[in-house]
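Reading through the structure tokens given below for one structure.
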Amino acid sequence: MKAVLTGAALLMAAGAATAQDVHEGRVLFERHCATCHGLDADGQGPMAPALVLQPVNLTELALNNSGVFPVERVVMRIDGRDPLVSHGSPMPVYAELFAGDDTAVKAETGQPIMTTRAIADLLEYLRTLQK
């Protein structure tokens with residue numbers, strides 16, 4: 001019985017340690033994403049007119065994906081596993097900038113996908129913006 005309680009306590013502690021931080025995600029978004037995507041994440045940032053492909057309205061990610069937030073696609077766009085050409089070159093890849101402190105997040109399929117704490121925080125912030 002003691003082993004079961006200890007295991008449950010460890011799982012609870014691990015869950016608490018991996019919770020995403022919406023505030024930190026907002027700070028990261030404002031620092032690294034808003035220039036293109038806009039402070040409102042509507043794709044209307046000050047650099048948008050200079051880009052070959054216009055930035056996505058990040059408030060409509062779930063809306064444009066049958067109401068499901070596309071975790072895997074967003075992670076892979078940010079970290080560069082799924083590059084996107086936006087201004088004559090790929091969208092900035094933040095894998096190196098956000099490296100370290102690896103964590104897993106649940107993809108929309110329920111499967112875990114490895115990412116970093118910073119990207120997980122950014123994902124959680126983007127979730128709060130969905131229409």
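Listed by first then second residue, pairs satisfying salt bridge (Lys or Arg N to Asp or Glu O under 4.0 Å) with a partner in residues 33-48 number zero, not counting sequence neighbours. For residues 67-76, the set of pairs meeting the salt bridge (Lys or Arg N to Asp or Glu O under 4.0 Å) definition, not counting sequence neighbours, is empty. Residue pairs meeting the ring-ring contact (aromatic ring centres under 6.0 Å, His included) criterion with at least one partner in residues 39-65, sequence neighbours excluded, do not occur; the list is empty. Counting only residues at least two apart or in different chains, ring-ring contact (aromatic ring centres under 6.0 Å, His included) contacts with residues 101-131 comprise Phe29-Tyr125.
The hydrophobic clustering, which links ILVMFWY residues whose side-chain heavy atoms are closer than 4.5 Å, places Val74 and Val22 together. Side-chain heavy atoms closer than 4.5 Å link hydrophobic residues (I, L, V, M, F, W, Y) into clusters, and following such links, possibly through other members, connects Ile119 to Met76.
With sequence neighbours excluded, the residues that form a side chain to side chain donor-acceptor pair (under 3.5 Å) with Arg81 are Asp79. Residues satisfying the side-chain contact (heavy atoms from CB on, under 4.5 Å) test with Arg127, not counting sequence neighbours, are Phe69, Val71, Glu124. Listed by chain and number, the residues in a salt bridge (charged side-chain N to carboxylate O under 4.0 Å, His left out) with Glu30 are Arg26 (sequence neighbours excluded).
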Can you give each donor-acceptor pair under 3.5 Å made by side-chain atoms of residues 95-102, sequence neighbours left out, with the distance rounded to 0.1 Å?
none

Enumerate donor-acceptor pairs with a distance under 3.5 Å from any side-chain N or O in residues 58-68 to protein atoms, sequence neighbours excluded.
residue	atom	partner	partner atom	Å
Thr59	OG1	Asn57	OD1	2.5
Glu60	OE2	Lys131	NZ	3.3
Asn64	ND2	Glu60	O	3.1
Asn65	ND2	Val68	O	2.8

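Here the closest heavy-atom approach between residue Pro55 and residue Cys36 is recorded as CG-O, 3.2 Å. Nearest heavy-atom pair, Ala120 versus Thr103, reported as atom, atom and distance to 0.1 Å: CB-CG2, 3.9 Å. Residues Pro70 and Glu108 share a closest heavy-atom pair of C-OE1, 3.6 Å.
Distance SG/Cys33 to CG/Leu126: 7.0 Å, rounded to 0.5 Å.
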* To do: Take Gln20 and Leu122 through the side chain to side chain contact (heavy atoms under 4.5 Å, CB included) test and state the conclusion after the steps.
  => CA-CA 8 Å; Gln20 287 86 27; Leu122 192 51; over 6 Å; no
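Under the 3.5 Å distance criterion, the side-chain polar atoms of Gln44 are left unmatched by any main-chain donor or acceptor of His37.
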